[in-house]
Number of protein chains: 2
Amino acid sequence: MEVLKFPSLDSCSDALSGAINGRSCCIIGGNCRVWYTGRAESYLEFGERILFLKGDGTVIIHQKEGNAPINWMPADSVSQCFIRDFKLVILSTLPKDGQRLKVEFDRVNFLNSFRLEDGVTLVSAGSEKDMAIMLYNNPDLIEKGFKPISLEEQTAFGFIDVFGYDKNNFLVVVECKRYAASLDAVTQLRRYVEKVKSMKGIDNVRGFIAAPKISPNALKMLEGWGFKFVKVEPPKYFEDIKKKQTTLKNFG
Amino acid sequence: MEVLKFPSLDSCSDALSGAINGRSCCIIGGNCRVWYTGRAESYLEFGERILFLKGDGTVIIHQKEGNAPINWMPADSVSQCFIRDFKLVILSTLPKDGQRLKVEFDRVNFLNSFRLEDGVTLVSAGSEKDMAIMLYNNPDLIEKGFKPISLEEQTAFGFIDVFGYDKNNFLVVVECKRYAASLDAVTQLRRYVEKVKSMKGIDNVRGFIAAPKISPNALKMLEGWGFKFVKVEPPKYFEDIKKKQTTLKNFG
DNA sequence: GGGGAGAGATGCCGC
DNA sequence: GCGGCATTTCTCCCC
């Protein structure tokens with residue numbers, strides 16, 4: 001790391017303790033090793049990483065590359081820190097299940113302690129649910145004469161994206177996928193269809209997968225079960241969101 | 001944020017550009033808003049957040065709470081930054097699919113630019129694969145007389161965790177889950193069993209789910225298909241790891 | 001709180 | 001690259 005003077009481990013321990021007690025945030029960059037035990041066990045030898053402690057107890061450790069943290073602790077974790085053997089030690093534990101993390105810094109290159117003021121949540125569009133809504137409002141995308149009757153229905157037989165009748169009044173189950181439908185999507189559809197059949201005591205229930213594409217194996221299995229694939233692009237965003245959030249258009 | 005003096009947006013732009021060009025890392029804390037378009041669309045109004053740019057092109061934006069970033073860009077994203085309308089603007093694009101992120105800071109509270117030296121990878125144990133290995137080496141955990149013949153067998157229809165014969169030489173398919181087995185696990189097992197049946201042209205193939213527990217619905221479906229549940233705790237770690245990595249024992 | 005399912009999932013491995 | 005699938009998945013929704 002190209003940093004001029006390193007803060008002392010003592011001062012870091014003080015700052016970090018202050019952040020923990022005050023439920024504020026702290027970012028530490030330095031040389032450390034990491035142990036985790038809980039849902040699995042892991043050990044990471046010494047190397048330079050970033051540790052991010054949040055006010056809600058979350059701890060995130062990042063290496064120099066990659067999207068995902070190499071180690072972490074969930075919100076509500078309880079942390080403490082101290083100096084031992086000339087190292088800054090951070091211990092975090094999640095009380096409800098006992099999983100814990102230990103980090104040892106032998107050198108801290110920088111430390112920032114701060115509060116974040118932020119009460120804003122994300123506005124987004126383009127989920128699988130948005131796709132189901134689109135199909136509900138444009139049933140011909142599935143098939144001419146399709147009459148949807150419910151959306152994201154939580155039933156005793158599961159969670160069905162779009163449910164309805166075809167033009168011959170046979171029941172129709174539609175499973176949506178935003179990306180390529182996989183073998184999993186087909187088995188999921190099959191499970192719903194069979195459950196509907198047995199619950200309703202009828203034999204003719206049709207199944208559709210609506211997705212932009214489907215893997216060859218999945219298509220084979222789908223057709224083997226007498227189901228159909230309908231190519232549907234997921235919606236990017238919706239008119240109402242576009243109108244409300246004019247900022248969405250300000251991009252670029 | 002409790003920071004004494006804020007760096008100028010101009011100096012931040014310079015530092016960030018330097019980090020981008022030099023493929024080093026940069027962390028910025030400040031007040032910003034965020035647009036994303038690509039796999040979905042989203043907008044996040046002004047609020048204080050942390051932006052972390054990595055040398056591999058990864059961009060991660062964190063709010064004050066929660067484990068997951070609120071917005072991000074994958075590795076290999078290409079970023080640029082500049083000042084426009086008295087704001088620090090950061091644009092990131094992933095060339096291969098065109099997804100992009102725009103961040104506008106109207107105030108930067110702190111900025112750290114640095115390199116990370118880290119060539120170390122995680123040593124871990126306790127995955128589903130470790131569980132399959134344990135069952136392969138301790139077949140009686142599944143059933144007296146079980147003879148495993150393969151592990152994580154890759155087939156066209158998926159891969160089978162543990163595959164073998166029972167004491168009567170009937171084929172056995174075992175699906176492992178580290179946590180509670182769900183409906184999905186049962187349909188997955190069923191898919192394997194049926195595929196093995198049709199591929200081998202035999203009718204008697206047995207299915208097991210090995211997991212610490214199973215949901216009531218999943219158990220019902222499992223038994224409806226004539227399969228069996230075996231309660232197995234996932235291994236925490238292995239003797240060879242314990243021996244090689246004595247540091248694993250130094251925890252706490 | 002548990003069950004069920006999506007996610008801008010991500011990451012890994014095998015073909 | 002795609003396919004198939006686990007993940008210390010996480011998060012949300014609904015019962």
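We name chains A, B, ... by the order of the sequence lines, and we start the count at 1 in each one. Keep in mind the model is a prediction, meaning the values are calculated, not measured.
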Comparing B/Ala68 and A/Asn71 on DNA chain D - which has the more 5′ nearest nucleotide: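 Final value for this comparison: A/Asn71.
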5' priority, DNA chain D, between B/Tyr192 and A/Arg39 [closest heavy atom]: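 Whichever sits nearer the 5' end wins; that is B/Tyr192.
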So which nucleotide from [options] ends up closest to the side chain of [X]?
X: B/Arg178; options: D/dG3, C/dG6, D/dT9; result: D/dT9
X: B/Leu183; options: C/dA5, D/dC5, C/dG11; result: C/dA5
X: B/Tyr179; options: D/dT9, C/dG8, D/dA6; result: D/dT9
X: A/Asn67; options: C/dG11, D/dC5, D/dT8; result: C/dG11
X: B/Met73; options: D/dT8, C/dG8, D/dT7; result: C/dG8

Within residues 185-196 of chain B or reaching into it, pairs that qualify as salt bridge (Lys or Arg N to Asp or Glu O under 4.0 Å) - sequence neighbours excluded: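 Salt bridge (Lys or Arg N to Asp or Glu O under 4.0 Å) check on residues 185-196 of chain B returns A/Asp184-B/Arg191, A/Arg190-B/Glu194, A/Glu194-B/Arg190, B/Arg190-B/Glu194.
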Contact list for residues 58-79 of chain A, test salt bridge (Lys or Arg N to Asp or Glu O under 4.0 Å), sequence neighbours left out: none
What is the nucleic acid contact for [X], judged by heavy atoms within less than 4.0 Å: base, sugar-phosphate only, or nothing?
X: B/Gly158; result: sugar-phosphate
X: B/Gln99; result: base
X: B/Glu175; result: sugar-phosphate
X: A/Lys96; result: nothing

Rounded to whole angstroms, how far apart are [atom1] on [X] and [atom2] on [N]?
X: B/Asp76; N: C/dT10; atom1: CG; atom2: P; answer: 13 Å
X: B/Lys195; N: D/dG3; atom1: NZ; atom2: P; answer: 16 Å
X: B/Leu122; N: C/dT10; atom1: CG; atom2: P; answer: 20 Å
X: A/Asp130; N: C/dA5; atom1: CG; atom2: C1'; answer: 16 Å
X: A/Phe159; N: D/dC13; atom1: CZ; atom2: C1'; answer: 8 Å
X: B/Asp184; N: C/dG2; atom1: CG; atom2: P; answer: 20 Å
X: A/Asp97; N: C/dG1; atom1: CG; atom2: C1'; answer: 15 Å
X: A/Glu152; N: C/dG4; atom1: CD; atom2: C1'; answer: 12 Å

Pairs flagged by ring-ring contact (aromatic ring centres under 6.0 Å, His included) wherever residues 48-70 of chain B is involved - sequence neighbours left out: A/Phe52-B/His62, A/His62-B/Phe52
Short side-chain N/O contact to D/dA6 OP1/OP2 from B/Lys177, under 4.0 Å: yes
Residues B/Arg33, B/Glu104: salt bridge by 4.0 Å N-O rule: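 Salt bridge between B/Arg33 and B/Glu104, a charged N being under 4.0 Å from a carboxylate O: yes.
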DNA chain D contacts made by residues 215-228 of chain A, counting heavy atoms under 4.0 Å: A/Ser215, A/Pro216, A/Asn217
Which value, in whole Å, describes the distance between the [atom1] atoms of nucleotides [N] and [M]?
N: C/dG6; M: D/dA6; atom1: C1'; value: 16 Å
N: D/dT7; M: D/dT11; atom1: C1'; value: 14 Å
N: D/dG4; M: D/dT8; atom1: P; value: 23 Å

Under a 4.5 Å cut-off applied to non-hydrogen side-chain atoms, are [X] and [Y] in contact?
X: B/Ile27; Y: A/Ile27; answer: yes
X: A/Trp72; Y: B/Asn67; answer: yes
X: B/Ile70; Y: B/Val34; answer: no

Check: B/Glu117 main-chain N/O paired with A/Glu48 side-chain donor or acceptor under 3.5 Å: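 Yes: the side chain of A/Glu48 pairs with the backbone of B/Glu117.
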N/O donor-acceptor pair under 3.5 Å between B/Asn137 side chain and B/Met134 backbone: no
Side chains of A/Ser124 and B/Ser42, donor plus acceptor under 3.5 Å: no
Residue whose nearest DNA chain C nucleotide is more 5′ - B/Gln154 or B/Lys213: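 Nearest nucleotide further toward 5': that of B/Lys213.
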5'-most by nearest nucleotide on DNA chain C - B/Ile214 or B/Trp72: B/Ile214
Involving DNA chain C, stems made of at least three consecutive Watson-Crick or G-U pairs, both distances under 3.5 Å: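 For DNA chain C the paired stretches long enough to count as stems (3 pairs minimum) are C:1-7 with D:9-15, C:9-15 with D:1-7.
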Name the atoms and distances for all side-chain donor-acceptor pairs under 3.5 Å in residues 216-234 of chain A, with sequence neighbours left out.
unit_1: A/Asn217; atom_1: ND2; unit_2: B/Ala156; atom_2: O; d: 2.8
unit_1: A/Lys231; atom_1: NZ; unit_2: A/Pro212; atom_2: O; d: 3.2

